Protein chains: 2
Amino acid sequence: MELSVKVNDCKECIYRSWAFKNLSDDELKLINSRKKEKFFRKGELVCLEGDTVTSFLYLQTGLVKLYKTESNNREHIISIAKPMDFIGLLSIFSNTVHVYSITAIEDSIVCLVDLEVIKNLIKTNGVFAIDFFEKISKVADSVIKTRVDINTRQLRGRIAYILLHFSKHIYNSSKFNLPISRKEVAELIDMSTENVIRVLSEFRKDKIIQIEGKNIEILDIKRLEKIYDLG
Amino acid sequence: MELSVKVNDCKECIYRSWAFKNLSDDELKLINSRKKEKFFRKGELVCLEGDTVTSFLYLQTGLVKLYKTESNNREHIISIAKPMDFIGLLSIFSNTVHVYSITAIEDSIVCLVDLEVIKNLIKTNGVFAIDFFEKISKVADSVIKTRVDINTRQLRGRIAYILLHFSKHIYNSSKFNLPISRKEVAELIDMSTENVIRVLSEFRKDKIIQIEGKNIEILDIKRLEKIYDLG
DNA sequence: TATATATTATGATATATATCATAAGTGATA
DNA sequence: TATCACTTATGATATATATCATAATATATA
């Protein structure tokens with residue numbers, strides 16, 4: 001179910017990415033006329049793998065997961081995207097269809113801009129083109145880096161990674177509410193659900209973290225960082 | 001040691017990527033005047049992680065590996081790039097320094113184009129900007145896809161992947177000379193060297209492949225594909 | 001050519017991780 | 001409220017994978 005949201009004017013939009021800083025007022029107006037802000041309730045699908053890419057997707061608020069559904073119906077999460085991320089990743093250039101499915105894992109607002117408008121601006125405003133490529137490249141580069149970081153570590157290192165990631169890069173707090181289930185954590189960092197639970201319990205017993213359901217508090221960040229560093 | 005190579009004029013260059021198809025003769029001339037083709041012998045370093053990115057790097061012939069050196073001095077190969085790939089990946093937009101080191105794993109010719117020239121062309125020729133980003137996005141997307149493909153499979157599936165990859169996408173032949181050592185295969189698909197050797201031997205015993213040192217021939221591609229599909 | 005070094009190879013063993021089994025807790029829903 | 005499905009939890013066991021040990025080749029280097 002898509003609810004209507006307060007409509008932001010691009011020019012005044014507080015969620016606007018720095019990648020749009022070199023657009024003129026007229027260009028922002030153009031985007032404004034061809035964009036739509038959509039609200040997605042936690043759990044709602046934003047787009048499905050295989051859908052035709054017609055819009056540039058920008059996450060204003062909330063959190064979404066990017067994932068693929070394997071042939072055995074298991075999901076494999078590629079990335080958790082945060083506000084200001086270009087959540088369609090490189091598909092807008094590399095493909096005519098979305099490579100990943102996207103689902104909101106928290107109530108989220110996604111701004112959809114007609115892809116043709118973005119491509120035309122890239123063609124006509126060279127400085128914007130460079131800015132835009134810089135931003136999208138950074139997002140994609142960080143996806144690659146994360147995949148490698150995770151897969152070169154073993155279980156404890158992966159759990160440490162995900163805890164530090166949520167704490168430092170998403171919630172900026174040592175205390176946070178994990179937005180995904182242990183099963184989804186498992187799908188994100190390539191391990192079994194049982195082992196996710198087990199390692200979390202281990203960290204709890206070692207007083208590295210405190211757990212109350214989905215509420216997690218990092219008690220000993222130094223040790224967590226050490227576990228992450230050692231792999 | 002960099003040897004001089006026959007200098008190709010960009011306009012006539014048989015190695016040119018389709019991403020450059022919408023450049024005028026003058027624009028190609030500009031690139032031509034600011035490019036350098038360098039020969040790298042097998043094993044030679046093309047660039048080092050951390051080096052400032054000053055050129056757009058394009059692989060004309062040969063093969064190179066993109067890798068990171070871990071703190072424990074172990075190498076982790078991110079990707080094997082083939083002719084026509086943009087081997088600097090997204091670093092040219094996302095970073096001022098190279099994120100990966102690059103080394104030739106076969107005698108290779110890399111064309112280095114002054115990055116400023118490329119960026120200026122992106123700014124002034126919008127159609128080229130789109131073409132260029134389509135290409136670079138495809139290369140980067142395929143890196144992500146490959147990482148996921150590898151890490152969602154277990155050992156036999158990974159070896160099957162790498163054999164099929166070399167056969168289908170790099171050499172277009174069921175018979176080929178593996179350009180990297182078993183150790184490097186291990187670094188590429190995240191497994192131990194011993195297990196790479198073991199699984200290859202297993203495949204040999206099962207008459208799926210034939211091995212003579214680095215010379216490999218796929219005898220039963222159907223079974224190899226099945227092993228890959230099953231993970 | 002001789003020597004050192006790296007690669008390929010295989011078996012034995014240790015370790016990491018997944019799977020299976022079971023149960024308590026939680027949340028959705030009829 | 002009662003029922004059902006899902007999540008969290010933990011222990012036991014099976015499996016996958018890495019590591020260790022050793023040796024035979026192959027390759028590089030003095």
Side-chain angles (χ1 to χ4, degrees), chain A residues 1 41-44 70 72-77 103 105 150-163 177-206 209-216 227 230-231, chain B residues 1 41-44 65 70 72-77 103 105-106 150-163 177-206 209-216 227 230-231:
Chain A
M1 171 190 35
R41 198 172 292 285
K42 178 175 177 152
E44 265 187 294
E70 310 290 337
N72 52 6
N73 255 332
R74 286 173 69 168
E75 282 182 9
H76 188 242
I77 301 178
T103 289
I105 56 173
I150 287 172
N151 288 307
T152 50
R153 285 175 165 75
Q154 50 195 56
L155 304 197
R156 288 166 56 86
R158 291 186 208 172
I159 294 289
Y161 166 83
I162 206 72
L163 292 173
N177 188 280
L178 196 67
I180 53 179
S181 69
R182 314 296 199 254
K183 180 160 171 280
E184 286 172 306
V185 172
E187 289 165 348
L188 175 59
I189 59 183
D190 296 328
M191 53 192 278
S192 70
T193 307
E194 293 93 326
N195 278 334
V196 170
I197 293 166
R198 225 183 296 268
V199 174
L200 283 173
S201 298
E202 235 178 275
F203 285 0
R204 174 169 46 70
K205 284 172 198 153
D206 292 348
I209 58 173
Q210 194 176 323
I211 312 178
E212 270 180 70
K214 289 212 165 38
N215 289 308
I216 292 184
I227 292 168
L230 294 177
Chain B
M1 166 192 41
R41 199 172 291 284
K42 178 176 179 151
E44 265 187 295
K65 62 174 177 180
E70 309 290 337
N72 51 7
N73 255 332
R74 287 173 68 169
E75 282 182 9
H76 188 242
I77 300 177
T103 290
I105 57 173
E106 279 187 357
I150 287 172
N151 288 307
T152 51
R153 285 177 165 74
Q154 50 195 57
L155 303 196
R156 288 166 55 86
R158 292 185 207 173
I159 293 290
Y161 166 83
I162 206 70
L163 291 172
N177 188 281
L178 196 67
I180 54 179
S181 69
R182 313 295 199 255
K183 179 159 171 280
E184 286 172 307
V185 171
E187 288 165 351
L188 175 59
I189 59 183
D190 297 328
M191 53 193 278
S192 69
T193 308
E194 292 95 326
N195 278 334
V196 169
I197 293 165
R198 226 182 296 269
V199 173
L200 283 172
S201 298
E202 235 178 274
F203 285 1
R204 175 171 44 72
K205 283 171 199 154
D206 292 348
I209 58 173
Q210 195 175 326
I211 312 177
E212 269 180 71
K214 290 211 165 39
N215 289 306
I216 292 184
I227 291 168
L230 295 178

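In what follows, every chain begins at residue 1, and chains take the letters A, B, ... in the order their sequences are listed. This structure is a prediction, so every number in the text was calculated from the model and none was measured.
Here B:Lys214 lies in heavy-atom contact (under 4.0 Å) with sugar-phosphate atoms only. Counting non-hydrogen atoms under 4.0 angstrom, A:Ser192 reaches a base of the nucleic acid. Residue-level contact check: B:Arg204 touches the backbone only, with heavy atoms under 4.0 Å from sugar-phosphate atoms and none from bases.
Residues B:Leu188 and B:Ile150 approach most closely at O-CD1, 4.1 Å, considering heavy atoms.
Of the candidates C:dT7, D:dT7, C:dA18, the closest approach to any side-chain atom of A:Met191 belongs to C:dA18. The side chain of B:Gln154 approaches D:dA16 more closely than any other nucleotide in the set C:dA16, D:dA16, C:dA18. Picking from C:dG11, D:dT10, C:dA9 the nucleotide with the shortest atom distance to the side chain of B:Arg198 gives C:dG11. Among D:dA18, D:dT8, C:dA9, the nucleotide with an atom closest to any side-chain atom of B:Ser201 is C:dA9. Residue B:Ile197 places its side chain closer to C:dT8 than to any other of C:dT8, D:dA9, D:dT7. Minimum atom distance to the side chain of A:Glu194 is reached by C:dT19, of the listed C:dT10, D:dT17, C:dT19.
What separates CG of B:Leu178 from P of D:dA26 is a distance of 17 Å, to the nearest Å. Computed from coordinates, the A:Ile159 CD1 to D:dT8 C1' distance equals 14 Å when rounded to whole Å. Atom pair B:Arg74:CZ and D:dT19:C1' shows a separation of 11 Å (rounding to whole Å applied). Taking atom CZ on A:Arg182 and atom P on C:dA18, their separation rounds to 17 Å, with Å as the unit. Computed from coordinates, the B:Lys183 NZ to D:dT19 C1' distance equals 16 Å when rounded to whole Å. One interatomic measurement links the two molecules: NZ of A:Lys42 to C1' of C:dG27, which rounds to 12 Å at whole-angstrom precision.
B:Asp190 and A:Asn151 share no donor-acceptor pair across their side chains, judged by distance under 3.5 Å alone.
Considering only heavy atoms from C-beta on, B:Ile216 stays 4.5 Å or farther from B:Asn177 through its side chain.
Between A:Asn195 and the phosphate of C:dT17, there is no side-chain N or O to OP1/OP2 separation shorter than 4.0 Å.
B:Arg74 and B:Glu187 are not joined by a salt bridge, as no carboxylate oxygen comes within less than 4.0 angstrom of a charged side-chain nitrogen.
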